[in-house]
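Below is one structure; the comments refer to it alone.
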Amino acid sequence: MRIRTIGLRLAAMAVTVLLGGILSATLVRLAPGFDADERQLDTRLSPESIQAIRQARAQDANILVFYARYLNRALHGDLGRSHTLDRPVRQLISERLPVTLRLVGAGLLLGWILALALSLTATLARAAACDLIATALGGALLCLPSAVLALLFVWISAPASLAIALVVFPKVFRYSRNLFAAGYAMPHVLAARARGVGNARLLLWHVLPAAGSQLLALAGVSVSIALGAAIPVEALCSIPGVGQLAWQAALGRDLPLLVALTVLVTLVTLIANSGADLANQALRTHPA
Amino acid sequence: MTRRSTLLRCLLLLLLAASAVRAQNGGTLRFCLRAEPKTFNPLLVSDDASETVRYLTGGVLMRLNRQTQRLEPALATSWKLSRDGRSISFTLRDKLYFSDGTPFSADDVAFTIRQMMDPALHSPTGDSFRSAPGELQIQVAAPNRITVTFPAPVAELDRLFDQVAIMSAHSPKKELAVLGPFYLADYKPGSYVLLKRNPNYGKKDAAGQPLPYLDEVRLDIQSNRDIELLSFRRGDLDLINSLDSEYYDRLASASPGLVRDSGPSLDSEQMWFNQVATAPIPAYKRAWFRDAGFRRAISDAINRADLARVVFASHARPAYGPVSPSNKFWFNAKLPAPAYDKQAALQRLQQAGFRLDNGVLRDAGGNAVEFSIVTNAGNKYRERMATMIQQDLGGVGIKINVVTLDFPSLIERFTESFNYEAAILGFVNVDLDPNEEMNLWLSSGENHAWNPRQKSPATAWEAEIDGLMRAQASAVDIHQRKQAFDRVQQIVYEQAPMLFLVNKNALSAVSNSLQGVVPVVLRPQTYWNIDQMALRTEVALKPVNKDRH
Amino acid sequence: MRRLQKASWVLLLVVAVASLFASVLAPANYATQFRQAPNAPPSRQHWLGTDDLGRDRLSRTLYGTRVSLLLAPLAALLSTLIAALVGGIAGYCGGRCQRLAMAATDLFLSLPWLFLLILARAMLPLNVSPAASVTVTFGLLGVLGWAASARVLCAGAASLRNSDFVLQARASGLHGWRLLARHVLPNLKPVLLAQFWISIPVFILSEANLGILGLGVAEPLPSWGSLLRELESLDGFSGQLWKFVPLALLILVVTSFQMILSTDEVTP
């Protein structure tokens with residue numbers, strides 16, 4: 001039974017990933033400027049050359065045919081060739097993925113530690129000043145444009161993972177603070193407090209389990225948030241990761257690269273969120 | 001004077017001499033590429049970043065000295081143009097080798113030219129030579145003598161060879177075997193391009209020392225100009241090849257010795273109106289844009305002096321024609337420079353049938369004059385110019401909507417759907433010769449911005465320009481060519497299909513540790529003489545006091 | 001806490017009123033270019049100095065507040081409502097419905113929406129009124145911004161599905177929509193409020209970034225996002241503190257919003 005469920009789940013994931021690929025290809029194809037090439041504005045080129053450039057781009061015009069061909073090649077390990085960088089997509093992604101994973105991983109860890117530490121302190125200390133400062137800090141970080149943040153980081157030569165952490169921190173802090181506050185306001189927690197149950201027990205046995213499922217889901221979603229933040233941070237700090245690749249691919253309407261990147265991001269998102277789901281299920285079937 | 005002190009003095013002098021030589025040798029030059037180089041094949045180079053790599057690695061038959069603007073021998077010791085402008089003979093240097101040791105001979109030149117002119121390759125460099133269809137003939141008379149004959153005369157045939165980097169016919173490394181001062185050593189996409197000194201580069205300086213002085217050139221790939229400036233100020237970069245005007249003033253106030261202003265460049269910023277007959281814009285708007293009186297009026301209503309002063313912090317000059325005044329030979333100095341004149345603009349509009357009605361300009365049919373200006377997003381200067389023009393034209397009752405779009409969307413609108421009304425873009429002119437803009441001025445041209453790919457000229461003045469451009473392309477006498485192109489400039493002034501706005505100055509930043517940099521107006525502005533540039537790696541040498549015993 | 005909440009209400013009210021009366025309070029029109037004094041420091045005529053084109057920064061901040069303060073919270077509300085519907089219903093129903101909805105949400109999170117926005121701009125006419133352009137922009141942001149919180153809401157709703165009080169409510173005859181509205185959604189308030197609050201500055205900044213695609217507020221109309229983008233080319237962040245006033249104002253407004261929203265706090 002177990003194997004069947006796992007098998008079904010994997011199949012569902014595969015279908016979602018494939019769907020992601022074709023939807024992204026459709027989006028790219030429909031957006032205007034799909035077959036535009038900067039070289040068309042070069043005054044030296046003869047009319048025949050410009051025609052040739054147009055025809056090369058028109059090859060990918062039919063999305064279904066393109067995707068069918070793409071999948072066929074992908075099964076043989078060939079993920080296509082990037083238009084903008086003129087290199088095999090597989091090589092580009094394998095070179096850059098470790099960089100981004102390290103960046104995003106470190107950023108996520110740091111962001112969560114910071115957020116949880118501050119929200120727990122604010123909840124346990126129950127001091128309004130602490131809450132206010134943390135909220136103002138979180139708000140300030142949310143209000144800073146990512147370009148300014150990145151520039152600041154380059155200026156003080158700080159590691160870029162800190163930038164990702166600072167993007168993740170305000171969101172996680174706000175969610176967790178609200179969840180903890182609501183947890184403490186629950187009737188049975190108030191009753192337990194009235195009975196004289198200690199702070200630590202309250203937190204571990206009553207508040208955390210109630211908020212736990214949503215925090216786990218948040219953990220899964222924060223992976224997406226961090227990946228999204230990686231794109232401008234890498235592009236602006238010149239870090240050769242997958243985010244920078246995505247930025248260039250989007251600007252250049254590089255279809256093979258964009259489809260490969262969407263599939264990658266969908267896969268990572270699905271894995272993170274399924275992991276959170278499984279953890280939630282485990283919590284529910286084996287309550288503390 | 002004891003023997004010992006003489007010896008000491010000799011040693012000191014030797015050390016000085018040695019360190020002077022060492023100070024001029026070696027080191028890594030670092031500057032930025034603004035985008036990823038799209039290709040390393042010198043024949044397919046079209047974008048700026050690839051052009052930079054080609055300039056630094058490619059060996060050419062003749063090099064245009066960017067400072068004197070004269071052609072100098074490089075791989076070819078001498079050359080001869082035929083009287084009809086169709087063929088050119090080169091005498092090549094002996095005993096030269098590519099960066100990987102393969103010997104250089106006329107075979108390589110023949111191979112390169114044949115590749116370049118291959119119609120299936122669609123090389124932009126090759127297309128510059130393609131004045132007419134037909135076969136070209138290449139005669140290799142000796143290992144160091146070659147003659148190339150084209151099917152029709154090519155204007156400025158010898159100067160075009162400055163763009164042709166010679167590739168090896170026999171080397172297993174193909175395009176990576178080069179004859180230039182540097183060769184491609186490492187490339188990390190998204191990060192940097194590393195070029196290393198070519199030990200087989202044949203040039204030597206006046207003292208007989210082999211060039212280039214530099215060991216390496218490191219080109220970081222950085223599109224963000226704020227970060228580029230930051231890196232330069234921190235000393236991580238040695239030069240900024242083309243500095244934005246707002247950064248120029250910032251740097252100049254902190255370190256005035258680091259910035260250079262070479263005067264107005266060849267580049268221009270201009271605005272034009274959509275005159276395509278089948279454009280999906282309302283017919284009454286199309287009528288406005290096709291009226292030369294309307295266009296001239298708009299030109300009069302734009303305050304170019306303000307644009308140069310406010311947007312470019314006075315590091316630009318108002319432009320009135322396609323040729324920059326720094327292009328002294330080709331610039332038509334006889335044309336008047338129209339001044340900003342709101343009254344004259346209103347008069348012209350009245351003559352064209354428009355009238356000002358309660359602060360709103362209306363055409364003969366009663367439609368309020370309102371149109372959009374599209375420009376490419378991310379270019380702060382164009383966005384600001386569009387906003388200033390919005391206010392200027394508001395003064396004559398015209399309502400402007402500024403629309404910034406990403407570049408591929410823009411290209412699609414300019415070349416396929418023609419769904420735009422007015423546009424602001426810039427031209428980058430690499431060469432002084434107007435022949436490179438042939439496809440812009442010909443009415444059948446792909447780049448005839450306001451109405452491309454016409455089957456037959458839509459107006460009499462466009463037909464006249466067609467005739468003049470063809471005449472200058474086939475004329476051999478340069479003064480005849482100038483006469484023809486002067487007339488083209490006059491027609492452009494009278495008909496105003498494009499409103500030229502400003503010529504930006506060529507600005508650059510050079511660190512103190514660099515020697516031998518002479519920033520000029522022609523591209524590449526600062527590193528055109530890279531083989532003679534050097535880094536001061538030693539501490540400043542103190543003069544020896546010869547009177548001490 | 002109470003005092004802070006009152007102070008926050010006062011601040012928001014002052015900012016809202018100031019922006020509504022911008023035409024009276026602003027020393028100059030937000031579009032007038034004082035071309036003799038671009039990038040000027042604060043002076044008597046220009047309390048916050050002028051921007052790159054010589055436009056009065058104080059006027060632009062006042063007018064820009066109108067657009068951002070009105071539309072960003074509306075868009076945030078839209079995205080929160082969609083998230084509540086999708087996440088709440090999916091979590092409450094459970095089973096296949098939940099799995100399908102969550103797979104769709106994951107897909108939604110991963111797609112490159114940039115191209116939809118480019119397409120949206122292409123479908124709008126060139127001469128679109130600023131009001132229409134801005135409404136479309138914030139509308140799109142609202143419609144595209146719900147996915148992340150929907151997942152969290154789904155997990156929350158799922159855990160509530162089998163909780164005691166829901167079972168009790170079901171036993172007492174409450175079903176379907178009424179159960180959802182009465183018992184499930186109110187317990188999801190912490191996440192809903194957090195999502196609403198985070199979305200406001202995120203959308204304000206996104207609107208500025210969308211200017212690259214031709215959406216967002218068109219020149220010469222100012223918006224907070226475009227005012228903040230001025231900071232991108234700041235020289236070493238020193239000596240020009242007046243340029244930070246829009247940022248400081250935004251942080252104050254955002255913090256005030258949070259003070260107002262945190263009504264369920266357990267008072268010490």
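Remember, predicted model here, so these are calculated numbers, not experimental data.
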- Closest non-hydrogen atom pair, A:Pro240 against B:Pro189: CB-O, 4.2 Å
- Query: Can B:Glu446 and A:Arg54 be counted as an ion pair, charged N to O under 4.0 angstrom?
  - Reply: yes
- Check each atom of B:Arg234 against the heavy atoms of chain A and say whether the ones under 4.5 Å are side chain, backbone, both or neither. side chain
- Item | Heavy-atom contact with chain A under 4.5 Å, split by part of B:Asn447 | side chain
- Message: So which residue, B:Asp220, B:Ile227, B:Leu405, B:Val428, ends up with the most heavy-atom pairs under 4.5 Å with chain A?
- Response: B:Ile227
- Item | Neighbours of chain B found in residues 248-256 of chain A - heavy atoms under 4.5 Å | A:Gln248, A:Leu251, A:Arg253
- Applying a strict 4.5 Å limit to non-hydrogen atoms, the region of B:Leu410 in contact with chain A is neither
- Query: Does a sphere of radius 6.0 Å around CH2 in B:Trp450 hold more than 12 heavy atoms from other residues, nucleotides or ligands, not counting ones at 6.0 Å or beyond?
  - Reply: yes
- Ordered numerically, the heavy-atom neighbours of chain B under 4.5 Å found in residues 21-48 of chain A are A:Pro32, A:Gly33, A:Ala36, A:Asp37, A:Glu38, A:Arg39, A:Gln40, A:Leu41, A:Asp42, A:Thr43, A:Arg44, A:Leu45, A:Ser46, A:Pro47, A:Glu48
- A:Arg90 atom CZ, neighbour heavy-atom count above 12 within 6.0 Å: no
